[in-house]
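Shown next, in structure tokens, is the structure this report addresses.
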Amino acid sequence: MLSTCYTFSAYFAIVIFVLGILCKVWKYAITPNPLKISLTPAPTNAAGVILRVILDASLFNSLFKSNKFIWLGGCALHLALLIVVASHIRFFVSPVPELIMLLQTFLQSIGIFIGAIFLAPIGYLFIRRVWVDRIRFVSIFADYFILILLFCIGLSGITMKYFIRPDLVAVKTFIMGLISFSPEPMPTNPIFITHFTLILILLAYFPFSKLIHSVGIFFSPTRNQIDNSREKRHVNPWDR
Amino acid sequence: MAKEKIEVPKLTGKIEIPRIKPGAALVCEHHKAKEQMLTELGYPSALVENWQEKAIAKMRELLNKYKSLKLYLDVCVRCGACTDKCQFFLGTADPKNTPVGRQELLRKIYRRYFTPAGKLLGGLAGAEDFTEEMLKEWYAYFHQCSQCRRCSLACPYGIDTAEISMAAREIMHSIGLGTKYTDEIILKVFNVGNNLGMQPKAIKSSLDFCVDEMKEAYEEKGITNIDVKIPMDVEGADILLVVPSADFFASPHIESLLGYAKVFHQAGISWTLSSYASEAGNFGMFTGSYDGMKKVASRIGQAVRDLKVKRLVIGECGHAYRIAYNFWNTLTGPFDTLDPKYPVPQHICEFTYDMIKRGAIRLDKSANDEFVVTYHDSCNVARATRMGDMPGGQFEIPRAIIKACCNKFVDMPQETIRENTFCCGGGAGLLTDEMLEIRIKGAMPRMQALKQVVDSHGVNFYVLICAICKAQFTKIFPMYGFPMDMVGGVHQLVSRAIIL
């Protein structure tokens, strides 16, 4: 019963996640730019614009220039997310690639620290949100919700790693079963069930939430338009 | 707006982030457009019965027409990086004058009527019904944005509040809610051809008077052979110069007009103004109306064709240069008849800089020796355009001209100039008396920055290239204890220094 329920939910969440993001991307892609609105000084060629967007997406360049404190929190959180996701790859592929094994060994060697680098930035961003009056004023429930959700996912993950260890072989069997469409029984460790549930919630919530900034950043006209209005005539698609 | 005396912020030379005062600026509201104006512009003459429904329908239309709007309503994470960037927040401390606070006014409605989360969860998802109170907030706060885009620079995703306030203004117009100031001016352009509603005859006589005065001034100095002209409607001239209509008679604007005339004269290039395209400005942008903006801009394309000119040059005006640089080609182009060797359109500063580099004009720096000059980067020029070939030319070229015209130049603090520049506080439809309180407070960050260089370097001349900035600062400066005639144009310096 538990297994059936979770197998179904997992597929459901993933379908929502993938379709939801595809719908958003489609919508962003087809909505026209009637006018040129690049934020200058802007690159005057395509290569420059690609670099500008990559720098914004990878190093949060604009944020670095505008607010070092938020940049620090944002960088730490995203980097931690990246490491955590990477360290989970071992549950999704078989055999586990050399590189991931290396990462795993490295992460093992630094111990609890890895949990801390995930939880600390979330705590920092939460406190900042509550502490700074003007940021508290503009925050909505969803902003706190996502931080709490991520925090709980991290906390349950740390609990499994250091305190209540699930049967990792059973976990991998379950996951690989989902991937190969031949469902296997769901591990019954309660912390794992919690962790897994929260992740499904995160996946299904993703496309409808502010997390869509992760794909949206690549579509931002103030950043991805080439500054060449005089050289190349821009035609408004709905006013030809 | 409150009738009692407005408290002018004290100048310390430092820009401090205030503690929030929710609702502090809600009372500052534009006079509403009159029925007849709205009708003439093709909008409902008063707030329509089913305004909520109409507004949502308009929003749906805009969401499908503008990628910027659609995307920017979705991607904000409320990180707060923009919250200390807007001059109207720094000045009023009202958190709905932070960029994100302002955007949220529209985003709440968007979530409520267009997103699954907002429809299902309402307030928990940050959604709100479009109530009358909300509409009141829209009217106040979306008209307190000067579309300067300082927030967009700060945003990790480049979210541009200007795009959002333009959409909100257009939605409000579509249900019969506009501002008197902006609508009145747009109608003047539609009916007469310029923001001031000056008829061609009036422009001509103002220009003649201005030229006579200039000649007299030179004659007093013993120079008699001055034949600088300000030609109008000359068919077949090389250059069509389009200037903000304030340049025709307002002070200090007209000083720059004389500067342009002298540069063209010395360069030996034939040029003309147009009485039909007698306005560079385009308040259509301020109302967010694409059609309005296009109709205003169409006069430019028409004049280019009618006068059979080869080049198009634009005078000192901030938002006008943004529209000229980025939008004219789309709205009233292509300019196939113009000479492709030159930028279309070209900023007057680019033209003058080119003439200085080529040695076609000579400048006597000592003519401006009484001045210690600083330069205000006008927001639209700084963050929405370019001069010359290199990104950032919009900062370098005006400064290069200034330095060629005077011996003493000093910049204000780095975080307040170039792409980080502050708006004057009067842009995008704020330049009206009932908004004086917001204008004074919005100018505060700039005044603090100026105070620093006045104290440290004795700056006594403040030059810029925007008609709205000039009008705003000449009004605001005395309130902050700076003399009004400290404000001038870049070409005012050129005009004084150029050797005829």
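Interface remark: R322(B) contributes side-chain atoms only to the contact with chain A (heavy atom separation under 4.5 Å). The contact between F219(A) and chain B is made by backbone and side chain atoms together, counting heavy-atom distances below 4.5 Å. Using a 4.5 Å cut-off between heavy atoms, P116(B) touches chain A through its side chain atoms alone. Both the backbone and the side chain of N236(A) come within less than 4.5 Å of a heavy atom of chain B. For chain B, no part of A57(A) is nearby; none of its heavy atoms comes within less than 4.5 Å. Residue A382(B) touches chain A through its backbone alone, counting heavy-atom pairs closer than 4.5 Å. Looking at A81(B), both its backbone and its side chain come within 4.5 Å of chain A, counting heavy atoms on both sides. Interface residue Y290(B): only side-chain heavy atoms are found under 4.5 Å from chain A. Contacts between Q394(B) and chain A at a heavy-atom distance below 4.5 Å involve the side chain alone, from C-beta outward.
Annotation for F8(A): atom CZ does not count as buried by contact number, only 12 or fewer foreign heavy atoms lying within 6.0 Å. Residue-environment remark: NZ (K68(A)) exceeds the threshold of 12 foreign heavy atoms within 6.0 Å. Counting non-hydrogen atoms of other residues, nucleotides and ligands closer than 6.0 Å to CZ of F145(A) gives a total above 12. More than 12 heavy atoms of other residues, nucleotides or ligands sit less than 6.0 Å from atom CH2 of W238(A). Under a cut-off of 6.0 angstrom, the local environment of CZ in F12(A) is sparse, with at most 12 non-hydrogen atoms contributed by other residues, nucleotides or ligands.
Looking only at distances, no side-chain donor or acceptor of T330(B) sits under 3.5 Å from a matching main-chain atom of V235(A). Side-chain atoms of T31(A) do not come within 3.5 Å of backbone N or O of Y66(B) as any donor-acceptor pair. Although no hydrogens or angles enter the test, the distance criterion places no donor-acceptor pair under 3.5 Å between the side chain of N326(B) and the main chain of S229(A). In terms of modelled atom types and a separation under 3.5 Å, the side chain of D133(A) and the main chain of I20(B) share a donor-acceptor contact. A donor-acceptor pair is defined here as one N or O able to donate and one able to accept, closer than 3.5 Å; no such pair exists between the side chain of K27(A) and the backbone of K70(B). One N or O on the side chain of K67(B) and one on the backbone of Y28(A) form a donor-acceptor pair closer than 3.5 Å. At least one donor-acceptor pair under 3.5 Å links the side chain of R233(A) to the backbone N or O of G333(B). Between the R386(B) side chain and the D227(A) main chain, a donor and an acceptor come within less than 3.5 Å of each other. With hydrogens and angles disregarded, a donor-acceptor distance shorter than 3.5 Å links the side chain of R230(A) to the backbone of P345(B). Remark: side-chain polar atoms of S62(A) are not paired, donor with acceptor, to backbone N or O of P156(B) under 3.5 angstrom.
Contact count versus chain A (heavy atoms, under 4.5 Å) is highest, among V100(B), T98(B), V77(B), T385(B), for V77(B). When the candidates R19(B), E104(B), R149(B), Q103(B) are compared by the number of heavy-atom contacts under 4.5 Å with chain A, R149(B) comes out ahead. Counting heavy-atom pairs closer than 4.5 Å to chain A, the top residue among G392(B), C79(B), P22(B) is C79(B). Of the listed residues (P34(A), A29(A), S139(A)), the one with the most heavy-atom contacts under 4.5 Å to chain B is P34(A). When each of D143(A), N67(A), D56(A) is checked for heavy-atom pairs under 4.5 Å with chain B, D143(A) comes out on top. Ranked by heavy-atom pairs under 4.5 Å with chain B, the first of I135(A), L125(A), I30(A), N224(A) is I135(A). Contact tally against chain B (heavy-atom pairs below 4.5 Å) for R128(A), K24(A), K232(A): the top residue is K24(A). When each of P343(B), A117(B), G101(B) is scored by its heavy-atom pairs under 4.5 Å with chain A, the top score falls to P343(B). Your options are G216(A), P221(A), A142(A), and the one with the most heavy-atom pairs under 4.5 Å with chain B is P221(A). Counting heavy-atom pairs under 4.5 Å between each of L124(B), L331(B), I159(B) and chain A puts L124(B) at the top. Annotation: maximal heavy-atom pairing with chain A below 4.5 Å, among D291(B), L121(B), D84(B), D74(B), occurs at D74(B). Top candidate by heavy-atom pairs under 4.5 Å with chain B, chosen from I70(A), L211(A), V132(A), is I70(A).
Put simply, NE2 on H213(A) and CG on L71(B) are 12.0 Å apart, with the number rounded to the nearest 0.5 Å. From L35(A), atom CG reaches atom CZ of F327(B) across 4.5 Å, with rounding to the nearest 0.5 Å. Of the inter-residue distances, the one linking S220(A) atom OG with D160(B) atom CG reads 8.5 Å to the nearest 0.5 angstrom. To the nearest 0.5 Å, the span separating OG1 on T44(A) from CG on D389(B) amounts to 8.5 Å. Note that CZ of F208(A) and CG of L120(B) are 9.5 Å apart. Values are rounded to the nearest 0.5 Å. Between the OG atom in S152(B) and the CD1 atom in I37(A) there is a gap of 7.5 Å [rounded to 0.5 Å].
Ion pairing between a basic and an acidic side chain is recognised when a charged N comes within 4.0 Å of a carboxylate O; K65(A) and E419(B) show no such pairing.
Contact check for R78(B) versus I140(A): side-chain heavy atoms found under the 4.5 Å cut-off. Side-chain contact between V138(A) and K96(B): absent, with no pair of heavy atoms (C-beta onward) separated by less than 4.5 Å.
The heavy-atom pair separating I17(B) from R134(A) by the smallest distance is CG2-NH1, 3.5 Å.
Side-chain contact, T222(A) with Y72(B): a donor N or O sits under 3.5 Å from an acceptor N or O.
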List the steps and the verdict of side chain to side chain contact (heavy atoms under 4.5 Å, CB included) for S66(A) and K85(B). CA-CA 9 Å; S66(A) 63; K85(B) 301 299 186 285; 3.8 Å; yes

